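Working notes for the structure below.
On a predicted model such as this, the values are computed, not experimentally measured, just so you know.
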Amino acid sequence: MASGASNAQLFCDLLDEKEIKYQTNDLQDGDVLVQMSWNAENAPTIEIYVILDGDGESCAIRALPQVRVPENKLEGIWSLANSLNARFRWARFYTDSDNDVVLQCDAVLTETTAADVCFELSLRLLNIADEAYPDMMKQLWA
């Protein structure tokens, strides 16, 4: 039976194979965090966090495109987030408690699918965050 640690190792092996840099951290309850930082076409930096659940059955993937929203712009960003949520199938946009824009998706895993699913969804969130970045900047500067 898979665990968060074994799924994380499979994912990290795939990242090593593709020569992608990452950092890992062990979290509570056997969860494992794999963190990557990407330079994108539109966004200067996008952080990707893959949290593999300790039970080995799922993962949570978060993308942070480095967009902090001032209080007076939150309503506009929330309206944009609703539009982006309807436009992009694989990601849900929201603002966290620090008013940072976050994209998220979650997936069910098996030991056989863990590495490929984590990699594919990380790339999807990266691409979606980068594609949506100009819209977020327009909203912030409106």
Side-chain angles (χ1 to χ4, degrees), residues 2-111 113-142:
S3 68
S6 64
N7 283 345
Q9 187 58 57
L10 292 168
F11 180 44
C12 290
D13 289 347
L14 180 61
L15 295 175
D16 288 339
E17 186 179 303
K18 294 183 179 295
E19 298 181 1
I20 296 171
K21 295 180 182 179
Y22 62 89
Q23 296 177 14
T24 62
N25 289 303
D26 293 330
L27 306 174
Q28 62 187 18
D29 299 326
D31 294 355
V32 178
L33 168 67
V34 179
Q35 179 181 350
M36 298 164 282
S37 184
W38 299 79
N39 295 323
E41 187 176 321
N42 297 309
T45 304
I46 298 173
E47 299 290 331
I48 303 286
Y49 299 94
V50 179
I51 302 146
L52 296 116
D53 292 341
D55 64 10
E57 295 179 1
S58 63
C59 70
I61 303 175
R62 306 295 181 259
L64 284 84
Q66 309 300 315
V67 177
R68 180 157 287 169
V69 183
E71 287 289 329
N72 65 332
K73 298 287 185 169
L74 278 172
E75 285 189 32
I77 285 291
W78 292 336
S79 177
L80 175 62
N82 284 335
S83 297
L84 294 171
N85 287 336
R87 185 169 133 202
F88 293 107
R89 174 179 167 190
W90 293 99
R92 185 172 76 213
F93 290 76
Y94 67 93
T95 54
D96 65 10
S97 60
D98 294 325
N99 293 348
D100 291 325
V101 173
V102 179
L103 287 76
Q104 79 169 40
C105 72
D106 300 287
V108 175
L109 303 175
T110 66
E111 191 171 10
T113 64
D116 290 333
V117 167
C118 290
F119 185 71
E120 176 66 27
L121 290 176
S122 294
L123 289 183
R124 284 182 190 238
L125 282 189
L126 171 68
N127 289 328
I128 291 168
D130 193 47
E131 187 176 334
Y133 186 81
D135 294 331
M136 290 184 271
M137 290 296 98
K138 284 178 194 170
Q139 184 63 47
L140 284 178
W141 295 103

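Between Leu125 and Trp90 there is no side-chain heavy-atom pair separated by less than 4.5 Å. Side chains of Met36 and Glu47 form no contact here, defined as non-hydrogen atoms less than 4.5 Å apart. Side-chain contact between Tyr94 and Leu103 is absent, with no heavy-atom pair separated by less than 4.5 Å. Within the 4.5 Å cutoff, the side chain of Leu64 has no heavy atoms near those of the Val101 side chain. Side-chain contact between Arg124 and Phe88 is absent, with no heavy atoms from C-beta onward closer than 4.5 Å. Inter-residue side-chain proximity for Leu126 and Ile48 is flagged as met; some heavy-atom pair is nearer than 4.5 Å. With a 4.5 Å cut-off on side-chain heavy atoms, Ile51 and Cys59 do not count as touching.
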With side chain to side chain contact (heavy atoms under 4.5 Å, CB included) as the test, would you mind laying out the steps for Asn7 and Glu111 before giving the verdict? CA-CA 6 Å; Asn7 283 345; Glu111 191 171 10; 4.3 Å; yes
Pair Thr95-Ile77, side chain to side chain contact (heavy atoms under 4.5 Å, CB included): steps then yes or no: CA-CA 8 Å; Thr95 54; Ile77 285 291; 3.9 Å; yes
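The distance from atom OG of Ser3 to atom CG of Asp53, rounded to the nearest 0.5 Å, is 11.5 Å. Rounded to the nearest 0.5 angstrom, Leu52 CG and Leu109 CG are separated by 6.5 Å. The CG atom of Leu123 sits 11.5 Å away from the SG atom of Cys118 when rounded to the nearest 0.5 Å. Glu57 CD to Asp55 CG: the interatomic distance, rounded to the nearest 0.5 Å, is 4.0 Å. Between Phe11 atom CZ and Ser6 atom OG the span is 14.0 Å, to the nearest 0.5 Å. Annotation: the span from Ser122 atom OG to Leu14 atom CG amounts to 10.0 Å, rounded to 0.5 Å.
For residues 58-85, the salt bridge (Lys or Arg N to Asp or Glu O under 4.0 Å) pairs, not counting sequence neighbours, are Arg62-Asp106, Arg68-Asp100. Every pair passing side chain to side chain donor-acceptor pair (under 3.5 Å) that includes a residue from residues 20-32 is listed here, sequence neighbours excluded: Asp16-Tyr22.
In this model, no donor atom of one side chain and acceptor atom of the other lie less than 3.5 Å apart for Glu131 and Asn127. Looking at Trp38 and Thr45, their side chains never bring a donor and an acceptor atom within 3.5 Å of each other.
Asp130 approaches Asn42 most closely through the heavy-atom pair OD1-N, 2.7 Å. Leu27 and Val32 get closest at one heavy-atom pair: CD1-C, 4.4 Å. Nearest heavy atom pair, residue Asn85 against residue Ala91, reads OD1-O, 3.9 Å.
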Under 3.5 Å, which donor-acceptor pairs link side chains of residues 133-142 to any protein atom two or more places apart or in another chain?
{"from": "Asp135", "atom 1": "OD2", "to": "Arg87", "atom 2": "NH1", "distance (Å)": "3.0"}

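One N or O on the side chain of Thr113 and one on the backbone of Thr110 form a donor-acceptor pair closer than 3.5 Å. Formation of a donor-acceptor pair under 3.5 Å by the Asp96 side chain with backbone atoms of Asn99 is found in this model.
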